[in-house]
Amino acid sequence: MQEIRLHNTLTNRVEPLIPVHPGEIRIYTCGPTVYASAHIGNFRTFMFQDILRRFLGAQGYRVLQVMNVTDVDDRIIQSAAAAGIGIREYTEKYIQAFLEDISTLNIEMPEELVRATDHIEDMVALIETLQQKGLTYNSEGSIYFRISKFPEYGKLSKIDVQGMQAGARVDVDQYDKENARDFALWKAPKPGEHFWETRIGPGRPGWHIECSAMAMKYLGDTLDIHTGGVDLAFPHHENEIAQSEAATGKPFSRKWLHAEHLIIEGQKMSKSLGNFYTLRDLFAKGHKPSTIRFLLLSVPYRRQLNFTEEGLVQARNSNERLRNFTARLKDQQFPPGENEELHRRIEKAERDFDVCLADDINTATALAVVFDFVRDMNTAMDSGGFLQQNAPRAVATMEKFDSVLALLKDDDDEKLAKLGFTSHTARMPAAQVDALIEERNAAKKRRDFKTADAIRQKFADSGILIEDMKDGTVRWKYK
């Protein structure tokens, strides 16, 4: 098992991952707030979390990941009220869309996907614990956490609370960065607003208490890893630490991992700029799920990702190269025997891939290892040095890489069809492709290159890639 080292936002250091429970990694993931469809920036964070959990699993760890669905907050309540429906009904369509989206991107489901509205009692119990310890106060029916009672407040985000106005508090779920104030654990109901009748009074939970209650319910008082976007470090994660550690007296999470922002063509994503994209917006523009997945994972999570049309084209081409290489390994006939030197190079590529990902999930260097391997093996094939018994081992290596990357399966069209999107190019039937290949081969034999080139162009216009092999065969696939 490779030693894994991760950057911990709490300490601002890269540290070895030492699980609380040997052989098991417990991860809490801040999931979507379902007041609208998730956007491409959200999926950058979810993709990093997917690579993390896949790599941990590949290294032999048992992974227990909990992802929350925030289905009650200010925006949801306001949007549901404007639509004239209950919050459960309002959020259901966005939850289902989110589940479809992560499946389409090959993002693995967490072991537990938990809705805030199913855990009101757990939140009430946690608030009661904080009340019993004298860490809260009531005001106009709401209950607030007094951050002055938690001396370590600010240790994650490094925010300075010295100049905070005594008694200043905030009631909304979203508030200005770098503005430390007592925050609401429980909110008194407003006229016409959905609320719960509980032991601590009528109302609804604040945003921050939701994650603490659900994380500790499923994962225990101390987690191995807490993940989320960098924008959540303050106030959300800072407040989670305060209320959780104040309640239990134990560290809430050993590691805090934060994914950097995604920008679009060098600019912050915003609706006003017209560069705000959901996955389905990109599918409608003709981009494939595997292309988007490749681009999202291609940049290490702690570096800002510039999401561009050029990057999508490069991602599509790079992924096609991986798929074509794997098809060549499986389909081409190689000379008998085994090249022992190639076997050693294959083993080294596997080790290097693991080393790169163990270094704070560095997907860029891991992908470089994969493409170096592809180039190395293709060179050996072209020179005749790649032999029959090397092929199964090389295929197994590509499958090992893909257990983490999840890029090779060519099912984009099927996934898009399920979502109601159709291919922009009508597919030529396979029998017609084979017949045209034979016609092209015959034209080349009689040196009728004009006809051969016209057939190749017909393939290109129909979205079909063809590759002439050294042994005279022709490989083809749909784009």
Side-chain angles (χ1 to χ4, degrees), residues 27 29-32 37-56 65 67 97-110 227-232 257-269 275-323 353 356-357 360-371 401-412 415-416 419 421:
I27 306 172
T29 295
C30 281
S37 295
H39 57 70
I40 194 66
N42 300 137
F43 287 105
R44 195 277 161 101
T45 300
F46 299 141
M47 187 63 66
F48 141 64
Q49 294 157 351
D50 185 58
I51 297 296
L52 172 66
R53 63 164 286 135
R54 284 174 176 271
F55 180 61
L56 291 171
Q65 181 188 13
M67 176 187 285
F98 173 72
L99 294 176
E100 290 173 349
D101 286 348
I102 63 172
S103 174
T104 303
L105 284 181
N106 283 349
I107 294 174
E108 291 184 339
M109 278 288 290
T227 65
V230 68
D231 56 312
L232 296 180
L257 275 57
H258 290 97
E260 258 293 350
H261 289 295
L262 176 147
I263 57 175
I264 305 289
E265 302 285 352
Q267 294 181 299
K268 183 178 179 180
M269 183 168 52
N275 65 355
F276 184 94
Y277 298 121
T278 66
L279 276 185
R280 291 159 205 246
D281 293 333
L282 295 172
F283 296 155
K285 289 164 68 73
H287 298 298
K288 296 181 178 182
S290 62
T291 297
I292 297 168
R293 180 178 175 91
F294 189 103
L295 183 52
L296 288 176
L297 66 80
S298 64
V299 174
Y301 76 99
R302 291 186 58 234
R303 280 177 47 200
Q304 199 171 70
L305 169 60
N306 189 18
F307 197 89
T308 67
E309 284 290 336
E310 181 183 0
L312 284 165
V313 171
Q314 292 174 350
R316 182 195 66 204
N317 293 339
S318 296
N319 202 35
E320 284 297 327
R321 184 181 172 201
L322 297 181
R323 290 177 175 178
F353 181 79
C356 292
L357 290 177
D360 199 25
I361 315 300
N362 192 329
T363 48
T365 54
L367 280 171
V369 168
V370 174
F371 282 102
F401 296 156
D402 204 53
S403 68
V404 178
L405 302 176
L407 294 166
L408 293 181
K409 188 175 181 182
D410 192 359
D411 59 354
D412 289 298
K415 288 178 174 178
L416 291 174
L419 298 177
F421 295 94

Worked check of side chain to side chain contact (heavy atoms under 4.5 Å, CB included) between Arg303 and Glu260: CA-CA 6 Å; Arg303 280 177 47 200; Glu260 258 293 350; 5.8 Å; no
Audit row: Val299, Asn306, side chain to side chain contact (heavy atoms under 4.5 Å, CB included) steps and yes/no: CA-CA 9 Å; Val299 174; Asn306 189 18; over 6 Å; no
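The salt bridge (charged side-chain N to carboxylate O under 4.0 Å, His left out) check on Asp412 picks up Arg323, with sequence neighbours excluded. The side chain to side chain contact (heavy atoms under 4.5 Å, CB included) test applied to Ala368 returns no partner, not counting sequence neighbours. Residues passing the side chain to side chain donor-acceptor pair (under 3.5 Å) test with Asn317: none are found, sequence neighbours excluded. For Asp101, the side chain to side chain contact (heavy atoms under 4.5 Å, CB included) partners at least two apart in sequence or on another chain are Phe43, Leu279, Arg280. A search for salt bridge (charged side-chain N to carboxylate O under 4.0 Å, His left out) contacts involving Arg302 returns Asp360, not counting sequence neighbours. Contacts of Asp402 classified as salt bridge (charged side-chain N to carboxylate O under 4.0 Å, His left out), with partners at least two apart in sequence or in another chain: none. With sequence neighbours excluded, the residues satisfying side chain to side chain contact (heavy atoms under 4.5 Å, CB included) with Ser318 are Phe294, Phe371. Residues passing the side chain to side chain contact (heavy atoms under 4.5 Å, CB included) test with Arg316 are Thr291, Val313, sequence neighbours excluded. The side chain to side chain donor-acceptor pair (under 3.5 Å) test applied to Thr29 returns Gln65, Thr227, not counting sequence neighbours. Taking Ser103 as the reference, nothing meets the side chain to side chain donor-acceptor pair (under 3.5 Å) condition, with sequence neighbours excluded.
Residue Ile27 holds its CD1 atom at 8.5 Å from CG of Leu257, rounded to the nearest 0.5 Å. Within the model, atoms CD1 of Ile51 and CG of Leu296 stand 10.0 Å from one another, a figure rounded to the nearest 0.5 Å. Distance CG/Asn319 to CD1/Ile292: 12.0 Å, rounded to 0.5 Å. To the nearest 0.5 angstrom, Asp411 atom CG is 8.0 Å from Ser290 atom OG. Rounding to the nearest 0.5 Å places CG of Leu367 at 7.5 Å from CZ of Phe353. Annotation: the span from His39 atom NE2 to Asp281 atom CG amounts to 12.0 Å, rounded to 0.5 Å.
What you find for Pro289 and Leu105 is that their closest heavy atoms are O-CD2, 3.6 Å. The two residues Thr45 and Ala259 have their closest heavy-atom pair at OG1-CB, 3.8 Å. Closest heavy-atom contact between Phe46 and Pro32: CZ-N, 3.9 Å. Smallest separation of non-hydrogen atoms from Lys415 and Thr104: NZ-O, 3.2 Å. Scanning both residues, Ala406 and Asn106, for their nearest heavy atoms gives O-ND2, 3.2 Å. Scanning both residues, Leu232 and Cys30, for their nearest heavy atoms gives CD1-CB, 3.7 Å.
The aromatic rings of Tyr301 and Phe48 lie parallel to each other, their planes meeting at an angle below 30°, with 60° marking the opposite boundary.
Under a 3.5 Å cut-off, the side chain of Thr363 and the backbone N or O of Leu297 do form a donor-acceptor pair.
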Using residues 262-269 as the side-chain source, report each donor-acceptor pair under 3.5 Å to any protein atom, sequence neighbours left out, with the distance given to one decimal.
residue, atom, partner, partner atom, Å
Glu265, OE2, Glu309, N, 2.9

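Each salt bridge (Lys or Arg N to Asp or Glu O under 4.0 Å) pair with one or both residues in residues 292-301, not counting sequence neighbours, appears once here: Asp50-Arg293.
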